[in-house]
Amino acid sequence: MATLKAVRGTRDLLPPETELWNRIEATARRVFARYNFGEIRTPIFEDTALFARSVGEETDIVSKEMYTWEDRARAQSEKAQSLTLRPENTAGVVRAYIEHKLGESGQLQKLYYIGPQFRRERPQKGRYRQFWQIGAEAIGPPSSGSESPLRDAEVLEMLATLLDELGIKGWTLELNSVGSSADRARYNEVLRTALVSVAPKMCVDCQRRAVTNPLRVLDCKVPEDQPLIESLPKIGDSLGAEAKEHFAAVVAALDSAGVPYILNHRLVRGLDYYTRTTFEFTHGGLGAQNALLGGGRYDGLSEALGGPRAPGIGFAMGLDRLVLTLQAGDLNQESAPPQVALDAYIAPLGENLNAAALTLARELRRAGFNVELGDGSFRLKKSFEAADKIARRIVILGEDELQSGILTVKDFTRGTQTKVPRAELAAFLATAAGE
RNA sequence: GCGGCUGUAGUUCAGAGGCAGAACGCCUGACUGUGGCUCAGGAUGUCGUGGGUUCGAUCCCCACCAGCCGCCCCA
């Protein structure tokens, strides 16, 4: 019988790597809390229409990368429904915002999420079919200040802080404004028109993009095309006065706060709902998947989903890519991830001592120590070998120790061996640990 | 979805149309209640899966699966 494997583009995360994942998530939660973001957890699958209406019918994500299936009716009273594994989480958050009338509080809603997303792409390093995103959204009625450029700047400043606290070195913040949806549509036509004469001189990919999706021409990496792209109209020139002013205020706030960024007038994003401020944090060393996170403002999204006016700004960061970046950094620094050793390894000398050993382990564990429990069938030598690999100390529990109530404790890092009365063991471990 | 490279022990990797290899790790002993160092021994395995060519295929051919690189796209 064929053995079963994790399906293409999915993978198991195992210790000790999961320790790094947990550390990243804990850091994110800590930072978000300082900015008054609270956690939201939305379902992993949603009505397919949610993504079609938010991300955009014509985007690659919706048109060819979603895991969609027909959820059959199981009774007369039910009706069939098209469901989709979420390819991103902003749509779900905004849907929840509308459904629970969060805007009625009048307060700005600051929500973050951590969870798996699904896209049926060709897997590569840093690109998986089930991947993890950490994201946040600041959304609310205009009267809550949700539209303020301050919100954009605050989110960007928070991200810079988060990446710094995660220990990610050498990130770059790229920033742009794509204007209102009207501005964006206007620019799309300006660009399409300009490309009519320019595109024939460009690479084949660009010739195709010029027709199907002009904005994507700006992403072209072919060296020969670069001068031609620079000669094309810039989106900044198509922005309305309001969008220009908004963007200038975002930039001014970042300057004041000392957050470094570069303006990239060619930064356009793939999801239809983005308006005005858009951004990406990138990092070299991730190969073709160099975006650590991306995001932007989505001022019309709530209305597009049938909700009230609720401008917002948010981002999603690729947790898998953060892990890769941090792991690569560790290798460069030759600093092996310091495996936190257990406080003690308890070694019963004989199977008749197993029960007593479990009791001792229970006491220590309840006192807050990290303890591994050996087996009495092990020879002492094997217990030492096993203990030395994972614990700072071995606690020997033989007949002598059981009778006398005096345990033998050997500290591997110091090479010292001590007799400790059982009642004082916890205190002994605590003291020694603090030194 | 397209193009290219790769797939051999738990891990990292050699290998050659004719007995399946190394290092590290693992197990046993030297050492009966003392690890690390050393020494002596031992087990690693559907050679990614399925077909084909051949006296014989892990090696050559085809298909499939998976990973990686690029495109595409995005986090």
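Everything numeric here is computed off the predicted structure, so don't read it as measured data. Any value given below was found using the heavy atoms of this structure, including those in side chains, with hydrogens, waters and symmetry copies removed. Per chain, numbering begins at 1; letters A, B, ... match sequence-line order.
- Remark: the separation of the C1' atoms in B:rC55 and B:rA63 is 26 Å, to the nearest Å.
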Practice problem: Test A:Glu88 against A:Arg119 for salt bridge (Lys or Arg N to Asp or Glu O under 4.0 Å), laying out the working first. | Solution: CA-CA 9 Å; A:Glu88 59 98 55; A:Arg119 292 180 201 173; 5.9 Å; no
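- Residues that satisfy the side chain to side chain contact (heavy atoms under 4.5 Å, CB included) test with A:Ser377, not counting sequence neighbours, are A:Glu351, A:Asp375.
- Only the P atoms considered, B:rG25 is 8 Å distant from B:rC37, to the nearest whole Å.
- The side-chain hydrogen bond (donor to acceptor under 3.5 Å, both in side chains) test applied to A:Arg379 returns no partner, not counting sequence neighbours.
- Atom CG in A:Asp272 sits about 14 Å away from atom C1' in B:rC74, given to the nearest Å.
- Taking atom C1' in both B:rU58 and B:rC19, one finds a spacing of 14 Å when rounded to whole Å.
- Among the heavy atoms of the strands lying under 4.0 Å from A:Leu292 are primed sugar atoms or P, OP1, OP2 only; no base atom is included.
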Self-check item: side chain to side chain contact (heavy atoms under 4.5 Å, CB included) assessment of A:Arg276 paired with A:Phe247
Solution: CA-CA 7 Å; A:Arg276 299 206 267 195; A:Phe247 190 56; over 6 Å; no
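- Considering only residues two or more places apart in sequence or on other chains, A:Asp183 meets the side-chain hydrogen bond (donor to acceptor under 3.5 Å, both in side chains) condition with A:Ser180, A:Arg186.
- When rounded to the nearest whole Å, the span between CG of A:Leu215 and C1' of B:rC74 equals 15 Å.
- In this structure, A:Ile61 places its CD1 atom 16 Å from P of B:rC72, rounding to the nearest Å.
- The separation between A:Phe51 atom CZ and B:rC74 atom C1' is 16 Å, rounded to whole Å.
- Straight-line distance between the P atoms of B:rU44 and B:rA9: roughly 14 Å, to the nearest whole Å.
- Judged by closest nucleotide on RNA chain B, A:Arg120 is the one of A:Thr59 and A:Arg120 placed further toward the 5' end.
- Considering all non-hydrogen atoms of both residues, A:Val178 and A:Tyr274 come closest at CG2-O, 3.9 Å.
- For the P atom pair drawn from B:rC62 and B:rC71, the interatomic distance equals 27 Å after rounding to whole Å.
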Between the protein and nucleotides 24-26 of chain B, are there any N/O to N/O pairs under 3.5 Å, and if so, what are the atom names and distances?
unit_1: B:rC26; atom_1: OP1; unit_2: A:Lys389; atom_2: NZ; d: 2.9

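- Residues forming a ring pair (Phe, Tyr, Trp, His ring centres under 6.0 Å) with A:Phe45 (at least two apart in sequence, or on another chain): A:Trp69.
- Among residues two or more places apart in sequence or in another chain, the side-chain hydrogen bond (donor to acceptor under 3.5 Å, both in side chains) test is passed with A:Lys5 by none.
- In this view, A:Phe32 and A:Tyr112 satisfy the ring pair (Phe, Tyr, Trp, His ring centres under 6.0 Å) rule, not counting sequence neighbours.
- Residue A:Arg321 contributes atom CZ, which lies 11 Å from atom P of B:rC74 at whole-angstrom precision.
- Using a cutoff of 4.0 Å between basic side-chain nitrogens and carboxylate oxygens, A:Glu147 and A:Arg297 are not scored as salt-bridged.
- Rounded to the nearest Å, the gap between the C1' atom of B:rC31 and that of B:rC39 is 12 Å.
- Remark: the separation of the P atoms in B:rG41 and B:rC24 is 15 Å, to the nearest Å.
- For A:Glu174 and B:rC74, the CD to C1' distance is 14 Å, given to the nearest whole Å.
- Scored by the side chain to side chain contact (heavy atoms under 4.5 Å, CB included) test, A:Leu305 finds A:Leu50, A:Arg53, A:Ser54, A:Val94, A:Ile98, A:Leu301 as partners (sequence neighbours excluded).
- For the pair A:Arg216 and A:Asp60, the salt-bridge criterion is not met [side-chain N within less than 4.0 Å of a carboxylate O].
- Here the separation of B:rG51 from B:rG56, taken at their P atoms, is 15 Å to the nearest Å.
- Heavy-atom distances to RNA chain B give each of A:Arg209 and A:Glu280 a nearest nucleotide, and the one nearer the 5′ end belongs to A:Arg209.
- Consecutive Watson-Crick or G-U pairing (both distances under 3.5 Å) extending over three or more pairs maps onto RNA chain B as B:1-7 with B:65-71, B:10-13 with B:21-24, B:26-30 with B:38-42, B:48-52 with B:60-64.
- Residues A:Leu407 and A:Arg422 come closest through the heavy atom pair CD1-CA, 3.9 Å.
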Quiz item: If the sugar-phosphate is the primed atoms plus P, OP1 and OP2 and the base is the rest, what is the B/S/- string for nucleotides 30-43 of chain B, using protein heavy atoms under 4.0 Å?
Solution: --SBBBB-------
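- Remark: A:Phe281 engages A:Trp171 in a ring pair (Phe, Tyr, Trp, His ring centres under 6.0 Å) (not counting sequence neighbours).
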Using nucleotides 65-68 of chain B, report all nitrogen or oxygen pairs with the protein that are shorter than 3.5 Å.
unit_1: B:rG67; atom_1: OP1; unit_2: A:Gly9; atom_2: N; d: 2.9
unit_1: B:rG67; atom_1: OP2; unit_2: A:Arg8; atom_2: NH1; d: 3.1

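- The residues A:Glu385 and A:Lys381 are annotated as salt-bridged, a charged nitrogen and a carboxylate oxygen being separated by less than 4.0 angstrom.
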